[in-house]
There are 2 protein chains.
Amino acid sequence: MMANVDGVIQQAENYCKAKGARLTTKRKQVLRGLIESNKALSAYELIDFCHQHFGEKMPPMSVYRILEFLEHHHLVHKLNLANKYVACTHISCDHTHAIPQFLICINCSKVKEVSINQATISDLSETAKNAGYDLYTPQVELNCLCQSCLPA
Amino acid sequence: MMANVDGVIQQAENYCKAKGARLTTKRKQVLRGLIESNKALSAYELIDFCHQHFGEKMPPMSVYRILEFLEHHHLVHKLNLANKYVACTHISCDHTHAIPQFLICINCSKVKEVSINQATISDLSETAKNAGYDLYTPQVELNCLCQSCLPA
DNA sequence: TTAAATATGATACAACGTATCATATTGTGT
DNA sequence: ACACAATATGATACGTTGTATCATATTTAA
């Protein structure tokens, strides 16, 4: 598990290097925080996480900037529905992916990043177009309950 | 136009009366604010709107409570993606509607409430289920650009 | 008409996000 | 190796968003 996390970080590092981007210590910590916690975290939750796990006190400004960097390089996704951030699940495989659909557990913030099939996307896009709107991003976020949080 | 707004308010009033709910003056103002402005507004934008149009100074707490009431009675919808509120477009017709899909212009906050076809919903729901998640609400919100805001 | 229920106001504060300027770190050319 | 430029982070202060709590007003109903 831990080894796997390291592996993902390593992949991210390679990926950044190839792009001439710097995955600095702080940035690595924030990314690691999201990967290790294994769920979506808000910026302030990340600040707490980093403080507790790495003994770093990060000012909000820094975390927001770092998240912006990570998002720009597609290492994390911002979930607008929950106002939280989640590590991209495709860092290790090949880091190219179809349009993601995010299933967000409204109870525990666990997130599953799945791929929508093209037909469904076209459907949504069509419906929008007919109404005179253009999809700005086809990213779909849905409020869900995960298995562990489903009422018994 | 103005008459139409009044008509919608009237409908809402009837609707509430039938349910034994009170559409008070303040609540009517907030609802009217959303209808007249013809787009999604944040709670604080609504405070400003009411202040400017009705000369009412509403404390945030009141507005949030009122929005909660209006939402509970399906007179307004909360758009989690934008953190704004929008008047339900079905108050006047019959106020029963299928599962809504909201097309939100990220530039001007104009919102179109359309109905998704059942097949698409089933699709999304299936995809979620296969991933071990249950849709909490099938309400879909999509970031779009409306016609007027599309880059030329 | 008075008591209970409901609705709103007011104060204070917690959480979230950013503008701005200062400092530190890294990369580059000489 | 050095100095300069570019990039990254820190620190302070503040603006925005949302809520907890207790007080007051308004409506409903016995």
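Naming: A, B, ... by sequence-line order, numbering from 1 per chain.
Nucleotides of DNA chain D that come within less than 4.0 Å of any heavy atom of chain B span, from the 5' end to the 3' end, D:dT17 to D:dT28.
With sequence neighbours excluded, no residue forms a ring pair (Phe, Tyr, Trp, His ring centres under 6.0 Å) with A:Tyr136. Under the ring pair (Phe, Tyr, Trp, His ring centres under 6.0 Å) criterion, A:His53 pairs with A:Phe49, sequence neighbours left out. Looking at residues two or more places apart in sequence or on another chain, you find a side-chain contact (heavy atoms from CB on, under 4.5 Å) between A:Ser148 and A:Lys110, A:Cys146. For B:Glu13, the side chain to side chain donor-acceptor pair (under 3.5 Å) criterion is met by B:Lys28, not counting sequence neighbours.
Rounded to whole Å, the distance from NZ on A:Lys84 to P on C:dC16 is 8 Å. The distance from atom CZ of A:Arg27 to atom C1' of C:dA24 is 14 Å, rounded to the nearest whole Å. Rounded to a whole Å, the NZ atom of A:Lys19 is 19 Å from the P atom of C:dG27.
More than 12 heavy atoms of other residues, nucleotides or ligands lie within 6.0 Å of CD in B:Glu71, so this atom counts as buried by the packing criterion. The number of heavy atoms from other shown groups lying within 6.0 Å of NZ (A:Lys112) does not exceed 12. Atom CD of A:Gln147 has 12 or fewer neighbouring heavy atoms from other residues, nucleotides or ligands inside a 6.0 Å radius.
Listed in residue order, the members of residues 51-71 of chain A having a heavy atom less than 4.0 Å from DNA chain C are A:Pro60, A:Met61, A:Tyr64.
Judged by distance alone, the side chains of B:Gln10 and B:Asn14 do bring a donor and an acceptor atom under 3.5 Å apart.
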